[in-house]
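As structure tokens, the structure follows; a few thoughts come after it.
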Amino acid sequence: MVTESPSLKQAITPHVYINQLSAHVDQEVTLKGWLYNMRSSGKILFPQLRDGSGVVQCVVLKNAVQPELWESLKGLGQESALIIEGKVRADSRAPGGYEIDVTNAQVVQEVHDYPITPKEHGTEFLLDHRHIWLRSRRQHAILKIRHTVVRAVRDFLDNDGFTLCDAPIFTPAACEGTTTLFAADYFDGEKAYLTQSGQLYNEATAAAFGKVYCFGPTFRAEKSKTRRHLTEFWMVEPEMAYATLDDVLTLSERMLSYIAARVLADRAEELKVLERDPAKLEAIVPPFPRLHYDDAVKMLQEGRAKGLLEARFEWGGDFGAPDETFISGHFDKPVMVHHYPAEVKAFYMARDPDRSELALGVDVLAPEGYGEVIGGGERATSLEYLQQQIATHELPPEAFEWYLDLRRYGSVPHAGFGMGIERCTAWMCGIEHVREAIPFPRMMYRLRP
RNA sequence: UCCGCAGUAGCUCAAUGGUAGAGCAUUCGGCUGUUAACCGAAGGGUUGUAGGUUCGAGCCCUACCUGCGGAGCCA
């Protein structure tokens, strides 16, 4: 026999969400939320209520309510928990277009010392208070856009015939190198590593399902302290059997365009809060410029000759952040740089049959200095070549035996890419740093909260 | 790991080597349309830590700690 608790009863009392107010004009409603801010003017109070779906200004007139109600609301601090009853009224003076004329209210919890004020704060303070910083309007807008980016990715791939087939988080060995892996103690003295890519597993599932993707957290123990880096980030990785580099270019272009269109359509309010120029997102439509590595190098060398770049760039190297920014600065939409030197790319990349020093890989560089949002390409199909690559890169061969089976049993051309969700979200939002594009960022010097 | 910058009230920041300051937040008071409201008052400090120079250090010097920005590496 289950006894119904008072708190459960309270939780199921019907109430209206602030983003639904337009459907309740001139009706009495109950709102449940938290005090976002309060202004007052003698015998009139303007509490702003926040409920997760939006913020609405309420109006309390001293002469129109019970004296006890006036007293209970008068001195409330930011983030006091509140249930408010009142009538919805359209009013052009109100920030959201609607106001609530309060008739009754219940103070669920009174708060007086909320640390985050409406004034400015520093990065360290805000990150230390990330658990409550999430409530502020700007952070709320960013994470709503992240949600839309994730949904757009899933909808796009699902509607395109891809099957979600997630890769493991614990892995026995590196897929691209060992220096950037977080190690954990597994059983019986064995080491497990946190995944840095689902890539190799995707190749297995692609051979089983044709078109697949994995979508989950990824870990890199890189000692990077820049606005583009997290130690834990989310990555979506599609992989297609019987596909080539060209298919990857087309898929990248279609997916990024779809994401931008969805953000524009579904998150107009949030973009406004962030003061993000919609024109930047409207520009993200196919076709994206395609740039051969050779031509990118020429571009960098010309830039250096004109004094626009400090460092000299030699053919054969990988681009640094200033190089990427310089290249992407020539375009108002993402640029796809392809055919990198095989030397600087992962061991499993296929090589260009006409120029074996080149890999059939692509980096998609976002405009405005957001850097590489997508990296991918065509995978090598030859068993002998991969065995040789594993030896050259001094990788433990026993850890890759299962992977080599994929080249023994029905090896076909296949290709795919990985996209970083936080970089993509930060780009859509036009924000400075990827740390705001994930609820609880993990960085080199930040593990808390 | 390397290079650069910073650390003063709960927060954001001031303070020529010479008495530790303001705004916001908090508490109290005022105001019937406020838009990060406004006006008045009060409380609030081991100037990151340890040493050194000096008659005197928030300020100068050394080391360390913490954070920020960047490089390399990467999505």
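Proteins come first, then strands; the chains are lettered A, B, ... in the order of their sequence lines, and each starts at number 1. Below, each value reflects all heavy atoms present in this structure, side chains not excepted, and no hydrogens, waters or symmetry copies.
- Defined by atom type and a distance below 3.5 Å, a donor-acceptor pair is missing between the side-chain atoms of A:Thr250 and A:Asp247.
- Looking at heavy-atom distances under 4.0 Å, A:Asn37 makes contact with sugar-phosphate atoms alone, never a base.
- If you check every strand for non-hydrogen atoms under 4.0 Å, A:Arg89 touches a base.
- Among the atoms of the strands shown, none is found under 4.0 Å from any heavy atom of A:Met419.
- Whole-Å rounding puts the A:His121 NE2 to B:C13 P distance at 11 Å.
- Residues A:Lys62 and A:Lys74 both approach RNA chain B. Their nearest nucleotides, taken by heavy-atom distance, put A:Lys74 toward the 5′ side.
- When heavy atoms are screened at a 4.0 angstrom cut-off, A:Gln57 is found touching base atoms of the nucleic acid.
- Distance from the side chain of A:Ile44 is smallest to B:G33 among B:C74, B:G33, B:U34.
- With both ends at atom C1', the span from B:A50 to B:A57 equals 15 Å, rounded to whole Å.
- Between A:Phe347 and A:Tyr403, the ring-plane angle classifies as perpendicular under the 30° and 60° cut-offs.
- Heavy atoms of A:Arg227 sit under 4.0 angstrom from primed sugar atoms or phosphate atoms, though from no base atom.
- Centroid-to-centroid, the aromatic rings of A:Tyr193 and A:Phe219 stay 6.0 Å apart or farther.
- For B:C28 and B:A9, the P atoms lie 25 Å apart once the distance is rounded to whole Å.
- With hydrogens and angles ignored, no donor-acceptor pair closer than 3.5 Å exists between the side chain of A:Ser224 and the base of B:C74.
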Dot-bracket encoding of pairs in RNA chain B, which uses [ ] for pseudoknotted crossings and | for another strand, Watson-Crick or G-U under 3.5 angstrom: (((((((..((((....[..)))).(((((.......))))).....(((((..]....))))))))))))....

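- As rounded to the nearest Å, B:G17 and B:U53 have C1' atoms that lie 12 Å from one another.
- Across B:C11 and B:G48, the matching P atoms stand 13 Å from one another, rounded to whole Å.
- Atom-to-atom, CE of A:Met443 to C1' of B:U66 comes out at 14 Å; the value is rounded to the nearest Å.
- Here A:Ile374 lies in heavy-atom contact (under 4.0 Å) with sugar-phosphate atoms only.
- Note: CD (A:Glu124) to P (B:C11) measures 10 Å, nearest angstrom.
- Counting all heavy atoms, side chain and backbone alike, A:Asp160 lies closest to A:Arg254 at OD1-NH2, 2.8 Å.
- The distance between atom CD of A:Glu222 and atom P of B:G72, rounded to the nearest whole Å, is 12 Å.
- In this pair, A:Tyr445 does not lay its aromatic ring on the base of B:G67; centres under 5.5 Å and planes under 30 degrees do not both hold.
- The nearest whole Å value for the distance from the CZ atom in A:Arg435 to the P atom in B:G70 is 9 Å.
- Judged by distance alone with a 3.5 Å cut-off, no donor-acceptor contact links the side chain of A:Arg446 to the base of B:C68.
- Regarding A:Leu126, its CG atom lies at a distance of 12 Å from the P atom of B:C68, rounded to whole Å.
- Along RNA chain B, the nucleotide nearest to A:Glu372 and the one nearest to A:His433 differ in position, and the one closer to the 5' end is contacted by A:His433.
- Side-chain contact check for A:Asp363 and A:Tyr293: no donor-acceptor pair (N or O, by modelled atom type) lies under 3.5 Å.
- The gap from the P atom of B:A63 to that of B:A71 amounts to 26 Å, rounded to the nearest Å.
- The shortest side-chain heavy-atom distance between A:Pro168 and A:Thr195 does not fall under the 4.5 Å cut-off.
- Ring geometry, A:Phe326 versus A:His330: the interplanar angle exceeds 60°, so the pair is classed perpendicular (tilted spans 30 to 60°).
- Of the P atoms belonging to B:C74 and B:U47, the separation is 46 Å, rounded to the nearest Å.
- Side-chain proximity of A:Glu99 to the nucleotides B:U34, B:C74, B:G70 is greatest for B:U34.
- Heavy atoms of A:Thr218 sit nowhere under 4.0 angstrom from any nucleic acid atom.
- Atom CZ of A:Phe125 is separated from atom P of B:A6 by 23 Å (rounded to the nearest Å).
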A:Phe162 and A:Phe156: CA distance, side-chain angles, deciding distance, ring-ring contact (aromatic ring centres under 6.0 Å, His included) verdict: CA-CA 9 Å; A:Phe162 283 77; A:Phe156 174 80; 7.5 Å; no

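- The side chain to side chain donor-acceptor pair (under 3.5 Å) test with A:Arg135 is passed by exactly one of A:His140, A:Glu79, A:His129: A:Glu79.
- Between A:His112 and B:U27, a side-chain N or O to OP1/OP2 separation shorter than 4.0 Å is present.
- Side-chain contact check for A:Asp246 and A:Thr244: no donor-acceptor pair (N or O, by modelled atom type) lies under 3.5 Å.
- Rounded to an integer number of Å, the gap from OH of A:Tyr340 to P of B:A75 is 10 Å.
- Taking atom C1' in both B:G45 and B:C13, the straight-line distance is 15 Å, to the nearest Å.
- Among the nucleotides B:C73, B:G72, B:C68, the one closest to any side-chain atom of A:Arg228 is B:C73.
- A:Gly75 comes within contact range of no nucleotide atom at all, as no heavy-atom separation falls under 4.0 Å.
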